[in-house]
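Here the structure comes first, spelled out in structure tokens, and everything after it is commentary.
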Amino acid sequence: MNPVKVMSIFGTRPEAIKMAPLLLELQHHREIESVACLTAQHREMLDSVMSLFDLDAAFDLDIMEPGQTLYTVTAKVLTGLGQVLEQARPDLVLVHGDTTTAFSAALAAFYAKIPVGHVEAGLRSGDNLSPFPEEVNRKLVGQIASLHFCPTVRNAINLQHDGITNGVFITGNTVIDAMRYTLDKFPGTFGNELDQIDWQGRRVITLTCHRRENYGEPMAAIFRAIKALVEAHPDVELVYPVHPSPAVQEAARSILGNTDRVHLIGPLDTVQMHALLKRSYLIMTDSGGLQEEAPALGKPVLVLRRETERPEAVEAGTVQLAGVEEAEVFRLGALLLNDEATYQKMARATNPYGDGNASQRIAEAILWHFGHRGKRPVDFQPGE
């Protein structure tokens, strides 16, 4: 049998982090010809991940431009991939998650009549406008895809509700694979002011906050609550890698700037971020990926959103929805800082998102689908 030609298409740093271990795994199978195509929806942050995992791309659309919009990203990816897919003619296109790149690439593959595999399939928040545009992106990819690689059972159930029952595999999340890779290969220092923190004597809260739906008063309320938390706990330091968005930068510096024990720093690379999570006491975030990564390290997570498309973590007890109201964010943060029993209950809960073998399960599912394996791979079950 001829090798299966698999083209992985991605364009943002979060996509690259989660696809990198899968690309490494695909390279290990002689039955698979693996090629990568970058859209470069993000540029520098994407390149740093590719370098970290020692990966090369056969194609690079390089679409990023100042002030780009959802319209321009969608149009550039769609038109650029038309030529790439015609030239490469892969047997399968892999896309990841819920980005505009993922949706546009899936649509381009559909136009080219090439099957699509959706990595991190089946996540749902239940609100088309939150997260925006990600919730609708992931729904549309689900309708196009032939293979659906779900991190959890709940994700597969979400697909059933959309009428999708064929080609569904439960694999765990590749982000755990990526974190294991970086922590094993690159233990070390940060190379910035974080090296000066007394990690033994201080409790560090890591904050990320950048969602569009939190812009304005929700973000301001979050920052006021966190400022109060730091001021009320003298042994606490806050580390906030601030997103480059001008709206986020302005809010962070006006409320959290010039506050003792608050470190407003630039974006961290993948290795530094995973090292920071490992050394942190508590994570406060509106990010999706951190809800999956931090619990694998035994770190409680407060989600700074009104809802989450990752309810498995809430049910497992590894994360808690804090919302965006100032008083509630402060209350829940203070509870975890002051109540050891509550903290340990979250820290010791079982992470539902993976065991570090998601990439292997996805590769085996692809090989089974294309007739290179006689037996369907066994689905992931947390706690096994």
Side-chain angles (χ1 to χ4, degrees), residues 6-26 34-53 55-64 68 70 73-74 76-78 80-81 84 92-109 116-123 131 133-138 140-142 144-145 147-151 155 171-179 181-182 208 210-211 243 267-270 273-274 287-293 309-310 353-354 358-359 362:
V6 179
M7 175 176 284
S8 301
I9 303 174
F10 50 97
T12 69
R13 184 175 77 161
E15 286 175 297
I17 292 169
K18 293 185 175 184
M19 288 295 280
L22 178 54
L23 287 170
L24 293 176
E25 176 67 27
L26 294 177
S34 175
V35 295
C37 174
L38 307 182
T39 68
Q41 182 179 335
H42 298 166
R43 181 75 270 174
E44 291 183 8
M45 293 188 292
L46 175 68
D47 291 341
S48 70
V49 176
M50 295 294 287
S51 175
L52 169 65
F53 286 88
L55 293 169
D56 295 313
F59 302 93
D60 191 336
L61 302 186
D62 195 23
I63 68 166
M64 185 174 179
Q68 65 186 8
L70 296 176
V73 171
T74 302
K76 284 187 169 185
V77 172
L78 196 57
L81 284 178
V84 168
L92 179 70
V93 162
L94 291 180
V95 299
H96 183 279
D98 53 21
T99 65
T100 301
T101 279
F103 162 61
S104 303
L107 185 59
V116 172
H118 189 193
V119 181
E120 200 179 81
L123 278 67
E134 289 87 354
E135 177 74 359
V136 167
N137 283 343
R138 63 170 67 105
L140 293 172
V141 174
I144 293 171
L147 300 177
H148 310 265
F149 304 114
C150 300
N155 302 149
T171 63
N173 199 304
T174 59
V175 73
I176 308 302
D177 307 22
M179 187 167 62
Y181 177 91
T182 61
T208 72
H210 67 274
R211 291 277 184 184
H243 192 276
L268 298 175
D269 65 28
T270 306
M273 193 66 198
H274 287 165
S287 166
L290 294 191
Q291 297 175 50
E292 300 154 347
E293 293 171 303
E309 60 275 37
R310 293 167 173 84
Y353 290 113
S359 298
I362 292 170

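Computed over heavy atoms, backbone and side chain alike; hydrogens, waters and symmetry mates excluded.
Put simply, the side chain of Met273 reaches to within 4.5 Å of the side chain of Leu290, judged on heavy atoms. The shortest side-chain heavy-atom distance between Pro151 and Leu123 falls under the 4.5 Å cut-off. With contacts defined as side-chain heavy-atom distances shorter than 4.5 Å, the pair Val73/Ile63 qualifies.
Applying the side-chain hydrogen bond (donor to acceptor under 3.5 Å, both in side chains) rule to Gln291 yields the partners Thr308; only residues at least two apart in sequence or on another chain are considered. Checked against side-chain hydrogen bond (donor to acceptor under 3.5 Å, both in side chains), Thr182 has the following partners two or more places apart in sequence or in another chain: His274. Residues meeting the side-chain contact (heavy atoms from CB on, under 4.5 Å) test with Met50, sequence neighbours left out: Phe10, Leu38, Leu55, Ala57. Scanning for side-chain hydrogen bond (donor to acceptor under 3.5 Å, both in side chains) contacts around Asp56 gives an empty result, with sequence neighbours left out. With sequence neighbours excluded, no residue satisfies side-chain hydrogen bond (donor to acceptor under 3.5 Å, both in side chains) with Asn137.
Of all heavy-atom pairs between Ala106 and Val116, the closest is O-CG2, 4.0 Å. Taking both residues in full, the closest heavy atoms of Val77 and Ser104 are given as CG1-CB, 3.5 Å, listed atom of the first, atom of the second, then distance. Residues Ala40 and Leu46 come closest through the heavy atom pair CA-CD2, 3.7 Å. Heavy atoms only, all atoms of each residue included: Cys37 and Met7 are closest at CB-SD, 4.0 Å. The two residues Ala358 and Thr174 come nearest to each other via the heavy atoms CB-N, 3.7 Å. Contact between Ile176 and Tyr353 at its shortest, heavy atoms only, is CG1-O, 4.0 Å.
Using modelled atom types, one side-chain atom of Asp177 and one backbone atom of Ser359 make a donor-acceptor pair closer than 3.5 Å. In this structure, His118 contributes its side chain and Gly97 its backbone to a donor-acceptor pair below 3.5 Å. The closest donor-acceptor contact from the side chain of Tyr181 to the backbone of Ala20 lies at 3.5 Å or more, if one exists at all.
With 3.5 Å as the limit, one finds no donor-acceptor pair spanning the side chains of Thr99 and Thr12.
Under the salt bridge (charged side-chain N to carboxylate O under 4.0 Å, His left out) criterion, the residue pairs touching residues 94-103 are Asp98-Arg138, with sequence neighbours excluded.
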**Item:** Stepwise side-chain contact (heavy atoms from CB on, under 4.5 Å) test for Leu26 and Ser8
**Value:** CA-CA 10 Å; Leu26 294 177; Ser8 301; 4.3 Å; yes
**Prompt:** After noting the C-alpha distance and the side-chain angles of Leu81 and Leu61, does the key distance pass the side-chain contact (heavy atoms from CB on, under 4.5 Å) rule?
**Reply:** CA-CA 8 Å; Leu81 284 178; Leu61 302 186; 3.9 Å; yes
**Prompt:** For Leu52 and Asp269, what are the C-alpha separation, side-chain angles and deciding distance, and is it a side-chain contact (heavy atoms from CB on, under 4.5 Å)?
**Reply:** CA-CA 9 Å; Leu52 169 65; Asp269 65 28; over 6 Å; no
**Request:** Before giving the answer on side-chain contact (heavy atoms from CB on, under 4.5 Å), spell out for Leu94 and Met19 the whole-Å C-alpha distance, their side-chain angles and the decisive distance to 0.1 Å.
**Result:** CA-CA 9 Å; Leu94 291 180; Met19 288 295 280; 4.0 Å; yes
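Classification of Lys76 and Asp62 as a salt-bridged pair fails, no side-chain N sitting under 4.0 Å from a carboxylate O.
Between the CG atom in Asn173 and the OG1 atom in Thr171 there is a gap of 7.0 Å [rounded to 0.5 Å]. Atom-to-atom distance recorded for Thr39:OG1 and Phe59:CZ is 14.5 Å, nearest 0.5 angstrom. The distance from the CG atom of Leu24 to the OG atom of Ser34 is 9.0 Å, given to the nearest 0.5 Å.
Just one residue in the list His148, Glu292, Glu15 forms a side-chain contact (heavy atoms from CB on, under 4.5 Å) with Glu120, and that residue is Glu292.
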